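First the structure, in the form of structure tokens, and then the observations on it.
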2 protein chains.
Amino acid sequence: MKEGPDIARIGALMGDPARANILGALLSGKALTATELAAEAGITGPTASSHLKKLMEGGLLTQAKQGRHRYFTLAGPEVGAVLEAVMGLAARRGHLRTRTGPKDPAMRAARVCYDHLAGDMAVRIFDSLQARDFLAISKDKGGFGLTEAGSGFVREIGIDLDALTSGRRPLCRVCLDWSERRNHLAGSLGAAFLTHFVDQGWLRREKTGRIVHISPKGQAELKALFPVV
Amino acid sequence: MKEGPDIARIGALMGDPARANILGALLSGKALTATELAAEAGITGPTASSHLKKLMEGGLLTQAKQGRHRYFTLAGPEVGAVLEAVMGLAARRGHLRTRTGPKDPAMRAARVCYDHLAGDMAVRIFDSLQARDFLAISKDKGGFGLTEAGSGFVREIGIDLDALTSGRRPLCRVCLDWSERRNHLAGSLGAAFLTHFVDQGWLRREKTGRIVHISPKGQAELKALFPVV
DNA sequence: TTCATGGTTCGATCTCCATCGAAGCATTGT
DNA sequence: ACAATGCTTCGATGGAGATCGAACCATGAA
């Protein structure tokens, strides 16, 4: 009957600092064990277990038991997108008290948003794609697709486009960037970009956290591949 | 340094049932007084005042004092979009326990998302616009714009397009629909559509709440204006 | 002025829930 | 078999904050 409770249910899950830290750590897209997450959030095992249980019941996390470990990940890209959007609100209305830590510039430059790239470089890529008419509005699930030229471009880079379109996950989605307040590319193509650039050695993900470093070579290659108009 | 606290700050604001009800009521886009919101949330004046203060400090609400009344609204369309997205998470992962109240079908059919239309009809409109190539990816702020044909169509309906593009608010934005999991149109054009259709008598907003009723005439007119392909 | 209405501040109460230690279960390794 | 590691459950504790009544300020009406 009321929409309030729905908001409250999810909000309460995100509202606890320990749980928020857990979610933030999982925004890296990595699968982390309960003990790793406990350390990340600065809490003990039992407390983490309780939180993880609630996050599972709330549908924000999924669990994969492997051996005696239990790996947790965000339940899906949409969860990551919502978390990014929430962080966007915090950053925007944070007003004067913008807590810009030391890692902040690196985060703004390039970071992982669950399974795709976000930050300045991601926005640049999106802008470049649209400027060259590689993206088009379509009736696909994500609402967007590749043009003929765009498909050619993606294949030329060395990405197996057919593999991406086979699944039922949308190829292209837009995701609102927290730091830039602009759109960047999500969907299976966005995810493929990230993994491909990492494979090429152009990007390097930090072992822990969401920050992505761009190698000198990657900087050059990406600037060449995605020129700004 | 950590992204957790940002999430927690906003999450805690949304996490309280009373505050969530307040936010849900304001999703209608209407400006409501403190007492109205207190009644809506089922709390007394002092409690509401405390909550509203926190929501203000958190940047989710803005306040306009007029006479001895104090009118509260969401701080902006982005706040509404995030709230819708959060509700989407709740609805999606709610799975078996989908709390579909009596008002639910009406909400799914057509509702207000702060200042524009959402729900089944809104998705239909978006689909129809894109199918006829009225929308295009652009370098505008919102990431999307109208094509030549689209501009003509909008003007033909009777909307003053120049007035919309003059402000610095993006003309077209996409907003993810909670019930349909598809895109619908936001931005200044989305807002203009809503007000225009209401002016025409095609849509009627309930005095309280977010539900929008479609008149028989509106049903016919809108179906004619936005055919599905 | 005097009254009435809308809102806020203050102080006290109370409920909820995050937290941790200890014990228990599961899985792997020796 | 036994030990060790990862994780969960249980129970008790503590603290944050939601709530309300009463008093207080502000604005408009009589």
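These values consider heavy atoms only, across backbone and side chains, with no hydrogens, waters or symmetry-generated copies. In the text below, chain A, chain B and the rest are named by the order of the sequence lines, each starting its count at 1. Here the structure is a predicted model, which means the values were calculated and not measured.
Note on the helix from C:dT1-D:dA30 to C:dT30-D:dA1: terminal axis deviation equals 20°, with five pairs used at each end and the result rounded to 10°.
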Going 5' to 3' through nucleotides 18-29 of chain D and flagging B where a protein heavy-atom sits under 4.0 Å of the base, S where only the sugar-phosphate is that close, and - otherwise, we get SSBBB----BSS
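Taking atom CZ of residue B:Arg9 and atom P of nucleotide D:dG17, one finds them 14 Å apart after rounding to whole Å. Taking atom CG on A:Leu37 and atom P on D:dG6, their separation rounds to 14 Å, with Å as the unit. In this structure, A:His69 atom NE2 and C:dT28 atom P are separated by 9 Å, rounded to whole Å. Protein atom CD of B:Glu36 is 14 Å distant from nucleotide atom C1' of C:dG7, rounded to whole Å. Look at CD on B:Glu57: it is 12 Å from P on C:dT8, rounded to the nearest Å.
By the 4.0 Å N-to-carboxylate-O rule, B:Asp104 lies close enough to B:Arg108 to be salt-bridged with it. Ion pair B:Asp127/B:Arg182 flagged as a salt bridge, since at least one NZ, NE, NH1 or NH2 atom sits closer than 4.0 Å to an Asp/Glu carboxylate oxygen. In this structure, B:Arg111 pairs ionically with B:Glu84, as a charged nitrogen and a carboxylate oxygen lie closer than 4.0 Å.
A donor-acceptor contact shorter than 3.5 Å is absent between the side chain of A:His196 and the backbone of A:Phe193. Within the 3.5 Å criterion, the main-chain N or O of A:His213 finds no donor-acceptor partner in the side chain of A:Arg204. Panel note: side chain B:Arg19, backbone B:Ala12; a donor-acceptor pair is recorded below 3.5 Å.
Taking every side-chain heavy atom of A:Thr33 into account, D:dC7 is the closest of D:dC7, C:dG7, D:dT8.
Residue pairs meeting the side-chain hydrogen bond (donor to acceptor under 3.5 Å, both in side chains) criterion with at least one member in residues 63-73 of chain B, sequence neighbours excluded, are B:Thr62-B:Thr73.
A ring-centre distance under 6.0 Å is found for B:Phe144 and A:Phe144.
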